[in-house]
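Single-structure report; data block below.
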Amino acid sequence: MIVVIKPHVAEERTNQLIEWFKGMGLGVHVSNGEVNTVLGLIGDTGRVDKDLIASLDIVDSVSQVSEKFKQCNRKFHPEDTVVQVGDVKIGGGNFVMIAGPCSVESEEQIVTVAKAVKASGAQLLRGGAFKPRTSPYDFQGLKGEGIELLKIARQETGLPIVSEIMNLIDLPLFEDVDVLQVGARSMQNFDLLKELGKTKKPILLKRGMANTLQETLMSAEYIMAGGNENVIFCERGIRTYSDYTRNTLDLSAVPMLHELSHLPVIVDPSHATGLARLVEPMALAATACGADGLLIEVHNDPLHALCDGAQSLRPEEFDAAAKKIRKVREAIL
């Protein structure tokens with residue numbers, strides 16, 4: 001249930017109403033907009049007398065929310081959420097470029113790439129330390145050592161770091177990682193999502209390769225229900241009948257998620273296409289349709305990459321793409 005408070009109501013009176021709702025055993029999500037304050041009631045709202053609430057002189061309107069997702073619902077939080085990572089803002093008109101290799105392979109590799117992508121305008125550095133691979137014989141990442149190398153790259157460049165967490169037992173290793181990525185294969189690892197809800201770190205939540213938008217929203221709800229509102233959606237393509245690309249990039253998900261939720265939405269054209277030559281056009285299309293940012297794989301030597309070299313841009317290719325991306329941003333603003 002959503003209760004909209006009238007403009008210019010004294011904070012004390014709003015707080016009294018909030019405490020009354022809490023006394024009924026309800027959770028209350030408060031969203032302070034430029035004009036109105038919106039109270040999202042969470043729990044068994046069947047006992048709430050809607051007509052009684054609507055009759056209160058401080059209440060503008062009362063409505064029922066039928067969707068299962070509540071806290072990530074735009075009805076609960078009409079204003080865009082802005083997720084802050086250090087000095088970098090994501091969402092609410094702020095656009096972010098996150099770039100780096102699929103896997104951290106060595107100190108020289110990650111520092112070289114970090115310096116290159118920063119020079120081209122990237123604001124965050126991505127790099128996989130733990131890698132979920134389809135084959136047990138493929139490179140699985142440097143794990144804890146990889147995170148330490150990412151921290152060295154951050155020290156060298158000042159770029160906040162983004163890396164994927166796969167297992168709850170590894171959470172202590174990510175204490176100094178700026179953004180925790182939940183990969184497509186882990187989107188419905190609910191125990192992991194619950195634990196991430198207890199942290200305050202920004203969570204980059206990738207859509208599963210065979211998941212609906214509602215399932216994606218519900219995964220975000222798991223994190224937010226634990227108290228962590230710093231969630232960023234990432235559209236990375238879904239599995240369809242396509243036989244020429246790794247996945248099918250569902251760009252309609254961007255405006256749809258913006259309509260349904262207040263959380264930022266970024267796009268990963270690298271995993272979506274699996275082909276370096278398609279990354280730039282899809283990145284431009286994602287920018288044009290309103291994405292809040294891009295997650296792009298960049299490697300200094302793709303031919304010898306230990307993971308996903310075929311979809312990785314060289315630093316000079318990323319630089320050229322970044323220039324075009326900025327032009328698209330300027331055109332649509």
Item to complete: Evaluate side-chain contact (heavy atoms from CB on, under 4.5 Å) for Ile98 paired with Ile296, printing each intermediate quantity in order.
Response: CA-CA 6 Å; Ile98 308 170; Ile296 296 178; over 6 Å; no
Between [X] and [Y], is there a shared hydrophobic cluster once you connect ILVMFWY residues whose side-chain heavy atoms come closer than 4.5 Å?
{"X": "Val85", "Y": "Val265", "result": "no"}
{"X": "Val59", "Y": "Leu52", "result": "yes"}
{"X": "Met256", "Y": "Val267", "result": "yes"}
{"X": "Ile232", "Y": "Val82", "result": "no"}
{"X": "Met187", "Y": "Met224", "result": "yes"}

With a 4.5 Å heavy-atom cut-off, do [X] and [Y] have their side chains touching?
{"X": "Val104", "Y": "Leu150", "answer": "yes"}
{"X": "Ile58", "Y": "Lys6", "answer": "no"}
{"X": "Ile2", "Y": "Val62", "answer": "no"}
{"X": "Met166", "Y": "Lys131", "answer": "no"}
{"X": "Asn247", "Y": "Ile238", "answer": "no"}
{"X": "Phe233", "Y": "Val254", "answer": "no"}
{"X": "Leu204", "Y": "Leu295", "answer": "yes"}
{"X": "Glu235", "Y": "Lys206", "answer": "no"}

Grab the two heavy atoms, one from [X] and one from [Y], that are nearest each other, plus how far apart they are.
{"X": "Leu294", "Y": "Ile266", "answer": "N-CB, 4.2 Å"}
{"X": "Phe21", "Y": "Val28", "answer": "CB-CG2, 3.8 Å"}
{"X": "Pro315", "Y": "Ser120", "answer": "O-OG, 4.4 Å"}
{"X": "Ser312", "Y": "Pro302", "answer": "O-CG, 3.9 Å"}
{"X": "Leu313", "Y": "Ala276", "answer": "CD2-O, 3.4 Å"}
{"X": "Phe318", "Y": "Ala99", "answer": "CZ-CB, 3.7 Å"}

Item to complete: Evaluate side-chain contact (heavy atoms from CB on, under 4.5 Å) for Ser261 paired with Arg74, printing each intermediate quantity in order.
Response: CA-CA 4 Å; Ser261 177; Arg74 187 171 286 280; 5.6 Å; no
Below 4.0 angstrom, N of the basic side chain to O of the carboxylate: do [X] and [Y] qualify?
{"X": "Arg126", "Y": "Asp268", "result": "no"}
{"X": "Glu221", "Y": "Lys70", "result": "no"}
{"X": "Lys327", "Y": "Glu330", "result": "no"}

Strictly distance-based, threshold 3.5 Å: is any side-chain N or O of [X] a donor or acceptor partner for the main-chain N or O of [Y]?
{"X": "Ser103", "Y": "Glu105", "result": "no"}
{"X": "Gln84", "Y": "Gly86", "result": "yes"}
{"X": "Thr273", "Y": "Pro269", "result": "yes"}
{"X": "Thr245", "Y": "Thr248", "result": "no"}
{"X": "Ser219", "Y": "Gln188", "result": "no"}
{"X": "Arg47", "Y": "Met24", "result": "yes"}
{"X": "Gln123", "Y": "Val96", "result": "no"}

Can you tell me how far the [atom1] atom of [X] sits from the [atom2] atom of [Y], to the nearest 0.5 Å?
{"X": "Arg277", "Y": "Glu317", "atom1": "CZ", "atom2": "CD", "value": "12.0 Å"}
{"X": "His77", "Y": "His262", "atom1": "NE2", "atom2": "NE2", "value": "5.0 Å"}
{"X": "Asn36", "Y": "Ile5", "atom1": "CG", "atom2": "CD1", "value": "9.0 Å"}
{"X": "Leu125", "Y": "Leu159", "atom1": "CG", "atom2": "CG", "value": "6.0 Å"}
{"X": "Leu192", "Y": "Leu171", "atom1": "CG", "atom2": "CG", "value": "8.0 Å"}
{"X": "Ser270", "Y": "Gln311", "atom1": "OG", "atom2": "CD", "value": "5.5 Å"}

Should we count [atom1] of [X] as having more than 12 external heavy atoms under 6.0 Å?
{"X": "Glu107", "atom1": "CD", "result": "no"}
{"X": "Asp49", "atom1": "CG", "result": "yes"}
{"X": "Lys143", "atom1": "NZ", "result": "yes"}
{"X": "Arg326", "atom1": "CZ", "result": "yes"}

Whether the [X] and [Y] side chains hold a donor-acceptor pair (N or O, under 3.5 Å, no angle test) is what I'd like checked.
{"X": "Asp292", "Y": "His258", "value": "yes"}
{"X": "Thr216", "Y": "Asn211", "value": "no"}
{"X": "Thr45", "Y": "Gln64", "value": "yes"}

Discussion item. The test is salt bridge (Lys or Arg N to Asp or Glu O under 4.0 Å); show your working for Asp308 and Arg246 and say whether it passes.
Written reply: CA-CA 11 Å; Asp308 287 345; Arg246 182 172 181 174; 3.3 Å; yes
Item to complete: Would you please test Val179 and Leu124 for side-chain contact (heavy atoms from CB on, under 4.5 Å) and show each step?
Response: CA-CA 9 Å; Val179 180; Leu124 278 78; 3.9 Å; yes
Item to complete: Starting from the C-alpha separation in whole Å, work towards a yes-or-no answer on salt bridge (Lys or Arg N to Asp or Glu O under 4.0 Å) for Arg314 and Asp319.
Response: CA-CA 9 Å; Arg314 295 179 181 275; Asp319 186 67; over 6 Å; no
Discussion item. Is there a side-chain contact (heavy atoms from CB on, under 4.5 Å) between Asp178 and Arg154? Walk through the geometry before answering.
Written reply: CA-CA 10 Å; Asp178 300 292; Arg154 178 177 61 193; 2.9 Å; yes
Practice prompt. Could you walk me through whether Thr37 and Asn32 pass side chain to side chain donor-acceptor pair (under 3.5 Å), step by step?
Written response: CA-CA 5 Å; Thr37 295; Asn32 295 305; 3.2 Å; yes
Item to complete: Could you label the plane-to-plane angle of the Tyr222 and Phe190 rings as parallel, tilted or perpendicular, counting under 30° as parallel and over 60° as perpendicular?
Response: parallel
